[in-house]
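Note sheet for the following structure.
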Amino acid sequence: MTTAALAACKPGQEILKFSGDTMGTRYNVVAVSSGQKLDRDALQGAIDAALAEVDTQMSNWNAGSEISRINAAATGEAQRLSPALAHVMAGAQSVHQASDGRFDVTVGPLIDLWGFGADGAMPHIPADADIADAMTRAGQSDVLAISGDTLTKTAPGAGIYLAAIGKGYGVDRVADTLRAHGLKDFMVEIGGDLYTAGLNPEGMSWQIGIETPVAGQRGLYDVVNVSGLGMATSGDYRNFFEDAGQRYSHIIDPARGRPILHDTVSATVLTEDAMLADAWATAMLVLGRERGLEIAEANDLAVVFIDRAGDAFVTAQSSRYAALQATA
């Protein structure tokens, strides 16, 4: 999870703050107005309208949403996607293909099986046979056929779950709304995924904190300079259970049908927008530091990993991440 550190306002500037509920979490917006004439109520309404539209398109918890309708469609029945959902699915496909398949929007059956879903089941270690069965309904390349704005489910029981990319897309939609109202300096955050534009009130890059990856704590591990980029952090330390001394987190490796077991506990990604940062952060945590760094370098991605080393933590960063921080 990421947190924002805000600076004091300069003379002639006004800090605008908006917040509310969305996508099962909270959104927060901080914008710097430098003399623009803004109707606060109109801007708040525009932000809420943008997020409400995203909910009607992307929410797996809204039975009337576009994605719920597609999930309810029959196997083999081609479904036309709205431009917004087609955009998100194209992003999901690009990250899936570039990440050795470790980003996967069809792992819902596995998440539910391990007890991390929305059905209220208790987390537990399932039987191998049940894992094998759930994997027949998962695997983005195996159970979905996507061509432009058309999607077809090719396996019975397959479904699309956008929790690891939808919040990021929502951030981007709010950022577009702020730009449309003439704002150039702002930060938008939804459930830890964020996008920043321009500069903070002190005329510097926005300062974003990366949490210490320890369960039950809300400490600050590091501060990152971010401007004109999306940022997301994925971690294994908030939602997990333990069995016989082994931690099992909600981060499922789609190639194995099981939670990750490597030493990487947090992965933070900075990229062109929040949607891709959201997806890539999940992919990088599933991959782990070693393979994740290889893929980050191959794709010129800005990534920092935090690994558990006994009672301490060690970090590793990609070349792009180091360059961004050096020039911020």
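Computation of the quantities below employed the complete heavy-atom set of this structure, encompassing side-chain atoms and omitting hydrogens, waters and symmetry-equivalent molecules.
In this structure, the side chains of Thr150 and Gln79 stay at 4.5 Å or more apart for every pair of heavy atoms. Between Arg320 and Leu301, every side-chain heavy-atom pair lies at or beyond the 4.5 Å cut-off. Val29 places none of its side-chain heavy atoms less than 4.5 Å from the side chain of Leu43. At least one side-chain heavy atom of Val54 sits less than 4.5 Å from a side-chain heavy atom of Met23. Side-chain contact between Val214 and Arg308 is absent, with no heavy atoms from C-beta onward closer than 4.5 Å. Side-chain contact between Met89 and Val105 is present, with heavy atoms from C-beta onward closer than 4.5 Å. Counting heavy atoms from C-beta outward, Val224 and Tyr321 have side chains that approach closer than 4.5 Å. At a threshold of 4.5 Å between non-hydrogen side-chain atoms, the residues Trp280 and Ser94 do not count as touching.
Smallest separation of non-hydrogen atoms from Tyr195 and Gly230: CD1-N, 3.5 Å. Val286 approaches Pro254 most closely through the heavy-atom pair CG1-CD, 4.1 Å. Across all non-hydrogen atoms, the minimal contact from Tyr221 to Pro213 is CD1-CD, 4.2 Å. Nearest heavy-atom pair across Ala322 and Gln317 is CB-OE1, 3.1 Å. Contact detail for Asn60 and Leu162: the closest heavy-atom pair is OD1-N, 3.2 Å. For Asp112 against Gly117, the heavy-atom pair with the smallest separation is OD1-CA, 3.2 Å.
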For Val265 and Phe305: C-alpha separation, side-chain torsions, deciding distance, then whether side-chain contact (heavy atoms from CB on, under 4.5 Å) applies.
CA-CA 8 Å; Val265 294; Phe305 295 90; over 6 Å; no

Does the pair Asp142 and Thr106 meet the rule for a side-chain contact (heavy atoms from CB on, under 4.5 Å), with working shown?
CA-CA 10 Å; Asp142 299 323; Thr106 68; over 6 Å; no

side-chain contact (heavy atoms from CB on, under 4.5 Å) for Ile295 and Met284? Distances and angles first, verdict last.
CA-CA 9 Å; Ile295 289 179; Met284 286 292 158; 4.0 Å; yes

Working for side-chain contact (heavy atoms from CB on, under 4.5 Å), residues Leu229 and Glu272
CA-CA 5 Å; Leu229 294 167; Glu272 62 196 76; 5.7 Å; no

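Taking the six-membered ring where tryptophan is involved, the planes of Phe241 and Tyr248 are essentially parallel, since the angle between them stays under 30° and well short of 60°.
Put simply, Ile146 and Leu276 are part of the same group of oily side chains (I, L, V, M, F, W, Y) that touch within less than 4.5 Å, one to the next. Ile190 and Leu270 fall into different hydrophobic clusters, defined by Ile, Leu, Val, Met, Phe, Trp and Tyr side-chain heavy atoms under 4.5 Å apart, directly or through other members. Hydrophobic clustering (side-chain heavy atoms under 4.5 Å, transitive across Ile, Leu, Val, Met, Phe, Trp, Tyr) groups Val30 together with Val32. There is no path of hydrophobic side-chain contacts, each under 4.5 Å, that joins Phe103 to Ile111. No continuous path of ILVMFWY side-chain contacts below 4.5 Å connects Val188 to Ile208, so the two sit in separate hydrophobic clusters.
Rounding to the nearest 0.5 Å places CG of Leu220 at 6.5 Å from OG1 of Thr212. Between Ser34 atom OG and Asp185 atom CG the span is 6.0 Å, to the nearest 0.5 Å. Between Asp104 atom CG and Thr282 atom OG1 the span is 11.5 Å, to the nearest 0.5 Å. The CD atom of Gln207 sits 10.0 Å away from atom OG of Ser227, with the distance rounded to the nearest 0.5 Å. Between the CZ atom in Phe186 and the OG1 atom in Thr196 there is a gap of 8.5 Å [rounded to 0.5 Å]. Thr264 contributes atom OG1, which lies 3.5 Å from atom CG of Asp307 (distance to the nearest 0.5 angstrom).
A donor-acceptor pair under 3.5 Å is formed between the side chain of Glu297 and the backbone N or O of Ser319. With Gln325 contributing its side chain and Asn225 its backbone, the two residues share a donor-acceptor pair below 3.5 Å. Thr154 places a side-chain N or O within 3.5 Å of a backbone atom of Val143 that can act as its donor or acceptor partner. A donor-acceptor pair is defined here as one N or O able to donate and one able to accept, closer than 3.5 Å; such a pair exists between the side chain of Asn200 and the backbone of Met204. In this structure a side-chain-to-backbone donor-acceptor pair under 3.5 Å is missing from Arg289 to Gly292. Under a 3.5 Å cut-off, the side chain of Trp206 and the backbone N or O of Ala197 do form a donor-acceptor pair. Between the side chain of Asp253 and the main chain of Ala255, a donor-acceptor pair closer than 3.5 Å is present. Between the side chain of Ser99 and the backbone N or O of Ala283 there is no donor-acceptor pair closer than 3.5 Å. Although no hydrogens or angles enter the test, the distance criterion places no donor-acceptor pair under 3.5 Å between the side chain of His250 and the main chain of Gly115. For the pair Thr177 (side chain) and Arg173 (backbone), a donor-acceptor distance under 3.5 Å is present.
Under the 4.0 Å criterion applied to side-chain N and carboxylate O atoms, Asp176 and Arg179 are assigned as salt-bridge partners. Between Asp149 and Arg80 there is a salt bridge, since at least one side-chain N of the basic residue sits less than 4.0 Å from a carboxylate O of the acidic one.
Annotation: cation-pi geometry satisfied between Arg247 and Phe240 (NZ/CZ under 6.0 angstrom from ring centroid, within 45° of ring axis).
Residues Ser65 and Ser68 have side chains that bring a donor and an acceptor to within less than 3.5 angstrom of each other. A side-chain donor-acceptor contact under 3.5 Å links Tyr27 and Asp48.
Enclosure of atom CD in Glu290 is not indicated, since only 12 or fewer non-hydrogen atoms of other residues, nucleotides or ligands lie within 6.0 angstrom.
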